[in-house]
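First the structure, in the form of structure tokens, and then the observations on it.
These numbers come from a predicted model, not from an experiment. Below, chain A is the first sequence line, B the second, and so on; all start at residue 1.
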Number of protein chains: 2
Amino acid sequence: MSRIVYVNGTYFAQEDAKVSVFDRGFVFGDGVYEVIPVLHGRIVERGHALERLNRSLGEIAMAWPCTQDEFCQVLEELRARNELQEGYVYLQVTRGVAERDFAFPAAGTPSSFVAWTAAKKLIDNPLAATGVKVVTVPDLRWKRRDIKSINLLAQCLAKQKAASAGAFEGWMTEDGVVTEGASSSAYIVKDGAIITRALSTSILPGIRRKVILQMAREHGIALVERPFTVAEALAADEAFLSSATTLVMPVVSIDGQSVAGGRPGPVAQRLRAMYVEMILQEAAH
Amino acid sequence: MSRIVYVNGTYFAQEDAKVSVFDRGFVFGDGVYEVIPVLHGRIVERGHALERLNRSLGEIAMAWPCTQDEFCQVLEELRARNELQEGYVYLQVTRGVAERDFAFPAAGTPSSFVAWTAAKKLIDNPLAATGVKVVTVPDLRWKRRDIKSINLLAQCLAKQKAASAGAFEGWMTEDGVVTEGASSSAYIVKDGAIITRALSTSILPGIRRKVILQMAREHGIALVERPFTVAEALAADEAFLSSATTLVMPVVSIDGQSVAGGRPGPVAQRLRAMYVEMILQEAAH
């Protein structure tokens, strides 16, 4: 591991990238994060990520660590120093270093800003050809899931349950319906219509979700924003998920039962192709 | 600030006490913690804290960072190096350092163990003479509040709301009843009986709560374990809270309305006196 990691103004070798044990990110999980795709050496969909980060910060009254211009310069400098061609930039902003006290620290306490990169094949991801398995797990999260916070223990437990069951993702369920994936948005397709839960405080406003729904509308693909049950998902024509690192990913099994005949379905494949084309275009400009 | 802080086997000056940005405590809030009182240079009620820590670790399948004997030696060494006479030891165990992935890291990845001390007057706390104010806030937490995890953003927001309102604590409410305080257990007294919510996944199993209820039983003080509403609390004869750092603390105002005539009530004062006597005895042995 020889990555360069950004920590509060300095670029470190990753083994030297450290934060104070008094950082509120470490003590309280008092922070928010984003994951932004990189393609052909270009950070793509950055505007969506910054918009969501700005919203997350605002919802918990946390200050930007620097101007948005400086913020973007750091991300680009980090990408360049790591010579990252394809993968993602991960970034995290926390409420800074202070004596441990639940209430916010004194005004003017600078927010912490940490970022690193990871190489990953986004386009030629072999999973896209086979599809992935998901299992359902109880949704244990807090009530403000619309904030992309680093309070992620419930998601870790969900993802570990999925991994233990040999699945790629955990679909979290609550009150009989699927809320979303542990780190992805969840969709089914029935009679040609995409079904996915409407935005609320119960789910994260996924960037891929936003773009996929926009693409669906533009291409005349029917779309229903409502919750769906596990039984509905099992009886669906297709299922798929989306996230910054999987883009659009067909789901071929739920709780061990095949969906869509156990093969990636045509709607998911079409959306993935459209999505890939769109971000390739963005990366080329 | 000249404290000595323990981080994974080494005692650092606090400004040098750092963890990797890849520590799962920093990235996911994937960790648990305890706060243990220190009195007359002695760590008190350590057994209760270790028992609860062991339960928290078990519930999220996290390994102890070392043997419990070694763990206790660290806490004592830390207290001694800081020459702490009265206050508390704070300790935190996280799922260690690994490439960011929600699922648990490879078996054998060592847990991180960080601890520090803080001086605080536990016995001669001036707030005990005046009592404290609380305000009610919505309980936004996750569904496993019985685990003392560092996913504490909801509690930070609750405590900040309280601080902004000039209150000492936020009493979190859900479905019309008080669950507990942001960092304390909540009680009212009516017609001589202590009323506090029964243990479940909805509240933290407070150590002070456990000891207070035991003292109440031993001293023939009536006790009802059930939720109470804010209206009930406002109409109660007394209210109080408990935690590692406040021990037993009278509540004299809820949402700006006086409780118990705005003065510490006799049951809260009696329980505090009994509690102080008990831990002073423990510290003396």
Residue part contacting chain A, namely of [X], when any heavy atom lies under 4.5 Å:
{"X": "B:Ala17", "value": "both"}
{"X": "B:Val21", "value": "both"}
{"X": "B:Ser112", "value": "neither"}
{"X": "B:Val19", "value": "both"}
{"X": "B:Gln92", "value": "side chain"}
{"X": "B:Tyr90", "value": "side chain"}

May I ask you to decide if [Y]'s main-chain N or O and [X]'s side chain share a donor-acceptor pair within less than 3.5 Å?
{"X": "A:Arg209", "Y": "A:Leu241", "answer": "no"}
{"X": "A:Glu169", "Y": "A:Val134", "answer": "no"}
{"X": "B:Thr246", "Y": "B:Met249", "answer": "no"}

Is it the case that atom NZ in A:Lys161 sees more than 12 heavy atoms from other parts of the structure closer than 6.0 Å?
no
Over 12 foreign heavy atoms within 6.0 Å of NZ, A:Lys18:
no
Side chain / backbone / both / neither for A:Val5 at chain B, heavy atoms under 4.5 Å:
side chain
Flag this pair as yes if the NZ/CZ of B:Arg95 is under 6.0 angstrom from the six-membered ring centre of B:Phe104 and inside a 45 degree cone about the axis; otherwise no.
yes
Looking only at heavy atoms and a cut-off of under 4.5 Å, which of A:Asp101, A:Thr201, A:Ile60, A:Ile147 has the most pairs with chain B?
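With the most close heavy-atom pairs to chain B, the winner is A:Ile60.
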